[in-house]
Amino acid sequence: MQASNLVSIRQFIHQVPYAPEQNSEVAGWQDIILLKHSLLPGEINVPGLAENLLFVSLLPKTQYENLNDQRLKSMVLRQGDVAITPAGCSQHWRWLSPFAAANLFISPLLIKEVSKDLVKGDPDSIRLIEHDVKSVPFLSASATELLSELEAGSPHGKTYIDALTRSLAMYLVTHYSTAKVAERTALSKPDDTRVAYAIDFIESHLGEDLPLAAIASACNMSVNHLCAVFKHTVGQSVHQFVIQQRIERAKTLLRDPRKSLAEIAQEIGFSSQSHFTTSFSKICGSTPSQYRQDFN
């Protein structure tokens, strides 16, 4: 289907009976459209859209069926699960239990723009690749942070939103695009690829001490070089990113009432329960105990 024949989410949103709880268009965001929906059981048939879609599940458990799949079996979405639908690809979903999701619609123009700095060749040829539901902590954490920013009225401003948006788009191009499938060595800036390795290393070792030297060594960089290119690529310092990932992991663990705060703090790599509580409160605006109580 030609791009000119594709329906924009701006048009399609008025054709469905499900009004979003949150809409970044109202807040004047650029480059992406972020919609949050909370729905009772139902279904939706989405045509090929002009934008790429990153879907992030927000509830602990949702039963669903992908009606594009001929096997048509009931499956389960977990909180933080993501799915990627490239521009031009249709989707037909049915959810069998209450459903909540953040849907990020990403312009192909943004993908093209970030591709210029990441890959060799024609950036117009780079396409995202469709991926079924899976857990990708970086994508779910980035989307959740963008949603939190939208719900709070964008308190950190446009620069912060732009940094989050671009880091998310760069991650998609690096990990879930035709650029990666065609040839990983096609990446024109090795530093960007090594930052992706650093992110993977951090996400796999959140419960450990994670000194900068260990992260730098894992991606074959000096500490100073790592700090410089990580900040430039991700929009956060390494430390800020690690803390954010630990807090996102903590939110999931706090939903288990059997785990004590001390156990959670140790499991996600904080030096003490006090340090965990201080960091959590600073980022989330409530203590871990209050968050747990509000959730339950």
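For clarity, every value in this text was computed on a predicted model and none was experimentally measured.
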Looking at Arg166 and Glu113, is any side-chain nitrogen of the basic one under 4.0 Å from a carboxylate oxygen of the acidic one?
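A salt bridge links Glu113 with Arg166.
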
With no hydrogens and no angle check, is any side-chain donor or acceptor of [X] less than 3.5 Å from a backbone partner on [Y]?
X      : Y      : answer
His205 : Phe201 : yes
Arg292 : Leu254 : yes
Ser167 : Leu164 : yes

Could you tell me how the ring of Phe280 sits relative to the ring of Tyr291: parallel (under 30°), tilted (30 to 60°) or perpendicular (over 60°)?
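Aromatic pair Phe280/Tyr291 classed perpendicular.
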
Which class fits the ring pair His275 and Phe270: parallel under 30°, tilted 30 to 60°, perpendicular over 60°?
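Geometry flag for Phe270 against His275: perpendicular rings.
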
hydrophobic_cluster_shared for [Y] and [X], side chain cutoff 4.5 Å:
X     : Y     : answer
Leu96 : Ile44 : no
Val76 : Leu59 : no
Met75 : Trp93 : yes
Val46 : Phe99 : yes

Is any side-chain heavy atom of Ser154 closer than 4.5 Å to a side-chain heavy atom of Ile161?
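Yes, side chains in contact.
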
Ile32 versus Leu54: any side-chain heavy-atom pair under 4.5 Å?
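Ile32 does not reach Leu54 side chain to side chain.
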
List the steps, then state whether side-chain contact (heavy atoms from CB on, under 4.5 Å) holds for Lys36 with Glu151.
CA-CA 10 Å; Lys36 178 188 177 183; Glu151 291 177 327; 3.0 Å; yes

Modelled atom types, side-chain donor and acceptor of Gln244 and Glu145, under 3.5 Å
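Their side chains do not contain a donor-acceptor pair, so the 3.5 Å distance test is not met.
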
Do other residues, nucleotides or ligands put more than 12 heavy atoms under 6.0 Å from His92 NE2?
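Atom NE2 in His92 is packed in, count exceeds 12.
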
